[in-house]
There are 2 protein chains.
Amino acid sequence: MVTMKDVAQRAGVSIATVSFLLNDTKPVTAATRARIEQAMLDLGYRRNMVARALASRRTHIIAMAYPALEHRFGMSTSEFFTSAAEAARKEDYHLVLWPVGNDGVELRELLGQGLVDGVVLMEVQLVDPRVDVLRQSGTPFALIGRTTDLDGLSHVDIDFDATVEDAVRHLREHGHHELVLISGDLDDPRFHDYGPWVRTEEAYRRVVASYDLPIRIIPCSDTTQAGKAAAARVLTEYPETTAILVLNEYAALGVVAGLKHTGHDIPGDISVLSLLTVPETAAMADPELTMMRTPGPELGQLGTQALLRQLEGDDPLPPQLVPAKLHPGATVAGPRAPRSKAGAGRRGARKARS
Amino acid sequence: MVTMKDVAQRAGVSIATVSFLLNDTKPVTAATRARIEQAMLDLGYRRNMVARALASRRTHIIAMAYPALEHRFGMSTSEFFTSAAEAARKEDYHLVLWPVGNDGVELRELLGQGLVDGVVLMEVQLVDPRVDVLRQSGTPFALIGRTTDLDGLSHVDIDFDATVEDAVRHLREHGHHELVLISGDLDDPRFHDYGPWVRTEEAYRRVVASYDLPIRIIPCSDTTQAGKAAAARVLTEYPETTAILVLNEYAALGVVAGLKHTGHDIPGDISVLSLLTVPETAAMADPELTMMRTPGPELGQLGTQALLRQLEGDDPLPPQLVPAKLHPGATVAGPRAPRSKAGAGRRGARKARS
DNA sequence: CTGAAAGCGCTTACAG
DNA sequence: CTGAAAGCGCTTACAG
């Protein structure tokens, strides 16, 4: 292995000077620089990360911590991982993957090893013991997602309000005012207190109320089969519906399939707009789903950047809320027979949850 | 930070003894052990990985290298990542993610940093410059996938032969002998020389020939839309078909949708068997796909284990070929009107590729 | 602008 | 079974 000592020797300088040049921490004359650079080239020198880490107390490694047990991962998990890894590489950091339990025990264990400069925490819960562990440890960290209690924590998340607003506006612009949300099933223990579902449903209530439309929500779990069943419920409970928003992408596929199966034309009879969806899933529907595209890559990248800003002592990145953006597909069109807004309003929020 | 020195001091021993105990590299008397363990507990000592790495020349970090640019990732990418990360953690290793170009330049760069003890290489190409880089570097590595030239390289891969054999046998047992394979599109530059596609198609030719059945193959790219189109081709070119095997899972969804769209009952009129598929995708079809489940988790885990065996000096893991296992869904049944094998044979391989 | 030297927190011959 | 000491390959005050 070629060491800094070898380079220094060949260039006729001290290893300190080589280090200063490499880190750009002290000025070096052009002549010295040239000699050192030539020596590095000749010898094929590569700076040893481990030694650097030990001496500088900065490893240039960050961790992506994610829930080990829960397997609710949608298709965008690999987007998080890869976009975070690429963002890290760009700043000359490495990303390690840490599967950790939600109780924070493993996380504390891993932090103790002193391997990482900071942590990006995925799938943050509304109340999250891992956040407390991170706080106590003094390790810099950034969240993808949000706890309820968020004072000054560096975080990025989906902008659920803007996403739902844009989605509803899109349907309104097409002339719809008989809307239903096929939401998540918050009674499912796996998703109890699941931030994205809670926040999306809250946003929907707010937005729809602001339009003076009735709040109609059908809970539904995250499967295609459940989506089919939910579509059937919409048809019987709210037959006047002209447009359906679907929270979960797998459910959305089921909604489309179910409606088609019962002889409904999409978007001729009913429009479907899938919230929090990735293109791969949207392309599986027929017709292709109109969707709000989950900003997975952006979140992975921004979460990493937020952490790296802290580590590099740059201006901190303010909390970023990224809306899912509308990607037009072929499941939204104008309603066949528009109804008056007044007529819709009267039907009220009967059967809506809570 | 609590160091080994602190522990040694409190226990009244030298740091060497603490180290021997921790690494179990030399015997320590029960009394000494007890004192040291108590001291570690009292102080909350955690061994520093970085210092250990520098002194021992073993970082206990391995890398998962994957193609940075190509975005052919199916849903099982995160399965690779997470299963590999978990397998690594179990042996007290960390997994870093390395997005690297196919030319091996970035990989060489990263290896030079001396951060990792070994590399698991994903999405191995039939001819792969990254493998040469790894060979030259002297870093231990394991492949997920296979190069053409494989002398003694540690690798794991899907057992395409067994997978296709099982798939065809399953259809035969249901009484089918009018089969078509909707294969990959090897003319697509993204998939040119893509091992899984090449090997699956080869296996299919072999297996079907062994049954004395005609070789009927329709190329198709990896989208639902392409699957629909391919299904239409099957119907016009091989109207006698009673069962279709589909290489790509997204295409399989399109095949099902396309057949249903043209009024065919699945599996009543035609059976569909999806090769190399994950449950999430299978569940999106209606009826749910009968599939050969991609052994993503097994591959990630075995690839990591193969590498760790090398690193730990254990008996090397022999090359592992893991078949995709049959997961019955609802898209395979017996043919409505079985034809004689003789009748099928005569129609031959007209229009089949190459 | 450059260098000598201490030190990061461990492991590992070597000696006893 | 235990210890004193060198060394892993860097960074970083401190001095000049």
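We name chains A, B, ... by the order of the sequence lines, and we start the count at 1 in each one. This one's a predicted model, so the numbers in the text were calculated from it and none came from an experiment.
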Among [options], find the nucleotide with the atom closest to the side chain of [X].
X: Pro27(A); options: dC1(C), dC10(D), dT12(C); result: dC1(C)
X: Val13(A); options: dT2(D), dG3(C), dT2(C); result: dG3(C)
X: Ala55(B); options: dG3(C), dC10(C), dT2(D); result: dC10(C)
X: Asn48(A); options: dC1(C), dG3(D), dC10(D); result: dC10(D)
X: Ala51(B); options: dT11(D), dG9(C), dA4(D); result: dG9(C)
X: Arg47(A); options: dT11(D), dG3(C), dC10(C); result: dT11(D)

What is the distance, rounded to the nearest whole Å, between atom [atom1] of [X] and atom [atom2] of [N]?
X: Lys5(A); N: dA4(C); atom1: NZ; atom2: C1'; answer: 14 Å
X: Tyr45(A); N: dG9(D); atom1: OH; atom2: P; answer: 10 Å
X: Leu54(A); N: dC8(D); atom1: CG; atom2: P; answer: 13 Å
X: Leu115(B); N: dG9(D); atom1: CG; atom2: P; answer: 15 Å
X: Met4(A); N: dG7(D); atom1: CE; atom2: P; answer: 19 Å
X: Asp24(B); N: dC1(D); atom1: CG; atom2: P; answer: 12 Å
X: Arg58(B); N: dG9(D); atom1: CZ; atom2: P; answer: 16 Å
X: Arg52(B); N: dG9(D); atom1: CZ; atom2: P; answer: 18 Å

inquiry  = Looking at every heavy atom in both Val28(B) and Arg33(B), which two are closest together, and how far apart are they?
reply    =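 For Val28(B) versus Arg33(B), the nearest heavy atoms are CG1-N, 3.7 Å.
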Below the 4.0 Å mark, does [N] have OP1 or OP2 next to a side-chain nitrogen or oxygen of [X]?
X: Asn23(B); N: dT11(C); answer: yes
X: Thr17(B); N: dG3(D); answer: yes
X: Thr3(A); N: dG9(D); answer: no
X: Arg57(B); N: dC10(C); answer: no

query = Hey, would you say the Tyr66(A) and Phe80(A) ring centroids sit under 6.0 Å apart?
reply =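 No: the rings miss the under 6.0 Å criterion.
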query = Relative to each other, are the rings of Tyr93(A) and His60(A) parallel, tilted or perpendicular (30° and 60° limits)?
reply =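 Ring orientation of Tyr93(A) relative to His60(A): parallel.
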Applying a 4.0 Å non-hydrogen cut-off, can you work out what [X] is touching in the nucleic acid: base, sugar-phosphate, or nothing?
X: Thr32(B); answer: sugar-phosphate
X: Met49(B); answer: nothing
X: Ser19(A); answer: base
X: Val50(A); answer: nothing

ask   = Starting at the 5' end of DNA chain D, which residue's closest nucleotide do you reach first, Lys26(B) or Ser56(B)?
value =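 With Lys26(B) and Ser56(B) compared, the 5'-side residue is Lys26(B).
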inquiry  = Before you tell me yes or no, could you show the steps for Asp132(A) and Gln136(A) under side-chain hydrogen bond (donor to acceptor under 3.5 Å, both in side chains), namely the whole-Å CA-CA distance, both residues' side-chain angles and the distance that decides it to 0.1 Å?
reply    = CA-CA 6 Å; Asp132(A) 300 321; Gln136(A) 286 164 24; over 6 Å; no
inquiry  = Please check: side-chain N/O of Thr294(B) versus main-chain N/O of Gly296(B), any donor-acceptor pairing under 3.5 Å?
reply    =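 Here the side-chain-to-backbone pair does not exist.
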query = Has the side chain of Arg46(B) got a donor or acceptor atom that lies under 3.5 Å from a matching backbone atom of Gln113(A)?
reply =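 No.
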message = Can you tell me the base-pairing partner of dG3(D)? Count Watson-Crick or G-U wobble geometry only, both distances below 3.5 Å, and say none if there is no partner.
response =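 Looking at the geometry, dG3(D) pairs with dC14(C).
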